[in-house]
Protein chains: 2
Amino acid sequence: MGIHQSELDKRMEHFRSGCIKAGLKLTQQRLEIFKALAARDDHPDAEALFSSLRSHMPTLSLDTVYRTLWLLNDLGLINTLGPRRESIRFDANLRQHHHFVCLRCGLTRDFESDLLNELPIPEDAHAMGKVLASQVELRGICDSCSQIEAL
Amino acid sequence: MGIHQSELDKRMEHFRSGCIKAGLKLTQQRLEIFKALAARDDHPDAEALFSSLRSHMPTLSLDTVYRTLWLLNDLGLINTLGPRRESIRFDANLRQHHHFVCLRCGLTRDFESDLLNELPIPEDAHAMGKVLASQVELRGICDSCSQIEAL
DNA sequence: TCCTATTTAAGAATTATTCTTATACAGGAA
DNA sequence: TTCCTGTATAAGAATAATTCTTAAATAGGA
Ligand SMILES: [Mn+2]
Ligand SMILES: [Mn+2]
Ligand SMILES: [Zn+2]
Ligand SMILES: [Zn+2]
């Protein structure tokens, strides 16, 4: 469940140098918030990190947790799961298919691939539960956003 | 961009029979909401569907759109994108990896696979934009939820 | 046509997330 | 070390997405 100490140390070091490179102040809050996230492998949300930190840091605010996480996300020091940061999107295409998601504008388009439909699922994954569906998510920059960026 | 008429007809027919099989009333609202979603391939959110329907159905409520979409989702007549319908989850694991997501409880676990790291990306996908990352998302039922279900 | 369980509209409520502003502090300069 | 200042934080208000409550409407079977 937990992360090994050596892996945690590695993550902390990468975080520190990333902050310094970006010119960010190494505040107690940032250190603790990152460490709390880096020590877990269950993909917590902001609220879960907040409450786990509250006992050590009674004055920590939830807003700081959010602000810090999005900042680190923008710097590529952490990631978020799933395509969005917005509202939930729905899909009436029930054929097995895959998605290209634009990191800038959220554009999400379908594509099909017989090859990707038949992925070999590792034993590790089977050990987690019964697998019912698999899909590939590609993240990138759509053509329209690339053009805007080129200006 | 749009969906072909024949594909739309097929989706509508599947929807109708799915509703009847589930004992759902075929209300005007359900028909229109599903049709609006089935006619698009851009994965709209509830608000987008709502505003596209408002001109034809001035008394339609946003709540009905949400209620209908989640209902159809639960019946498997449509899908949602991304992990689940909760808050955003964060991840400090920066190595390329993949996820198993439990459809019941939202448990999200990492797994690694050199094979899945090197997926062949179809030309269709490259045509949509510059691909920066790829990951596989497996959906299923975790062991813990399977046990509960077995009771 | 009538009946009734189901569904809907409307708006209030809730929840996740962001904004505003006054205060605190990290870290460079002296 | 102390001082200074731009950056970061706490607190709570504000906003946006989603859900709940309740009274009215209606699909579809009798
Ligand atoms: Mn899709
Ligand atoms: Mn992960
Ligand atoms: Zn884009
Ligand atoms: Zn589960």
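From a predicted model like this one, the values you see are computed outputs, not experimental measurements. A, B, ... follow the sequence lines: proteins, then strands. Residue 1 opens every chain.
In this structure, A:Q96 has no side-chain hydrogen bond (donor to acceptor under 3.5 Å, both in side chains) partners at least two apart in sequence or on a different chain. Partners of B:E118 under the side chain to side chain contact (heavy atoms under 4.5 Å, CB included) rule, at least two apart in sequence or in another chain, do not exist in this structure. In this structure, the side-chain hydrogen bond (donor to acceptor under 3.5 Å, both in side chains) partners of A:S61, at least two apart in sequence or on a different chain, are A:T64. A search for salt bridge (charged side-chain N to carboxylate O under 4.0 Å, His left out) contacts involving A:R104 returns A:E149, not counting sequence neighbours.
Atom-to-atom, CG of B:L31 to C1' of C:dT6 comes out at 15 Å; the value is rounded to the nearest Å. As rounded to whole Å, 10 Å separates atom C1' of C:dT8 from atom CE of B:M57. Put simply, CZ on A:R54 is 9 Å from P on D:dA10, counting in whole angstrom units. Residue B:E32 contributes atom CD, which lies 15 Å from atom P of D:dT26 at whole-angstrom precision. Rounded to whole Å, the distance from CG on B:L71 to P on D:dT19 is 13 Å. In this entry the distance linking OH of B:Y66 with P of D:dA16 reads 13 Å, nearest Å. Protein atom CG of B:D63 is 19 Å distant from nucleotide atom P of D:dA16, rounded to whole Å. A:L53 has its CG atom 15 Å from the C1' atom of D:dA10, to the nearest Å.
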Hey, mind stepping through B:N117 and B:H97 against side-chain hydrogen bond (donor to acceptor under 3.5 Å, both in side chains) and telling me if it holds?
CA-CA 7 Å; B:N117 289 352; B:H97 66 281; over 6 Å; no
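Residues in residues 106-151 of chain A take part in these ring-ring contact (aromatic ring centres under 6.0 Å, His included) pairs, two or more places apart or across chains: A:H98-A:F111. Pairs engaging residues 124-134 of chain B under the salt bridge (charged side-chain N to carboxylate O under 4.0 Å, His left out) rule: none recorded [sequence neighbours left out]. Listed by first and then second residue, the salt bridge (charged side-chain N to carboxylate O under 4.0 Å, His left out) pairs involving residues 50-70 of chain A are A:D63-A:R67 (not counting sequence neighbours).
Phosphate proximity of C:dT8 to B:T64: absent, as no side-chain N or O sits under 4.0 Å from OP1 or OP2. For C:dT7, neither phosphate oxygen OP1 nor OP2 lies less than 4.0 angstrom from any side-chain nitrogen or oxygen of B:R67. A close approach under 4.0 Å does not occur between any side-chain nitrogen or oxygen of A:W70 and OP1 or OP2 of C:dT17.
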Show me, pair by pair, the donor-acceptor contacts under 3.5 angstrom made by side chains of residues 13-29 of chain A, not counting sequence neighbours?
from, atom 1, to, atom 2, distance (Å)
A:S17, OG, A:E13, O, 3.2
A:S17, OG, A:H14, O, 3.2
A:T27, OG1, A:R30, N, 3.1

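Using a 4.0 Å cut-off on heavy atoms, none of the residues of residues 11-19 of chain A approach DNA chain D.
A:L103 forms part of a hydrophobic cluster together with A:I141, B:L132, judged by ILVMFWY side-chain heavy-atom separations under 4.5 Å.
Counting non-hydrogen atoms under 4.0 angstrom, A:L62 reaches a base of the nucleic acid. A:R30 comes within 4.0 angstrom of sugar-phosphate atoms only, judged by non-hydrogen atoms across all strands, and of no base.
Taking five base pairs at each end of the helix from C:dT1-D:dA30 to C:dA30-D:dT1 and finding the rotation axis that steps the C1' atoms of four pairs onto the next four gives two axes whose angle is 30°, to the nearest 10°.
With 3.5 Å as the limit, one finds no donor-acceptor pair spanning the side chains of B:D91 and A:N79.
Between B:L31 and B:M12, some side-chain heavy-atom pair lies under the 4.5 Å cut-off.
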Nucleotides 25-30 of chain C: which of its N/O atoms have a protein N/O under 3.5 Å away?
from, atom 1, to, atom 2, distance (Å)
C:dA26, N3, A:K25, NZ, 3.2
C:dG27, OP1, A:L26, N, 2.8

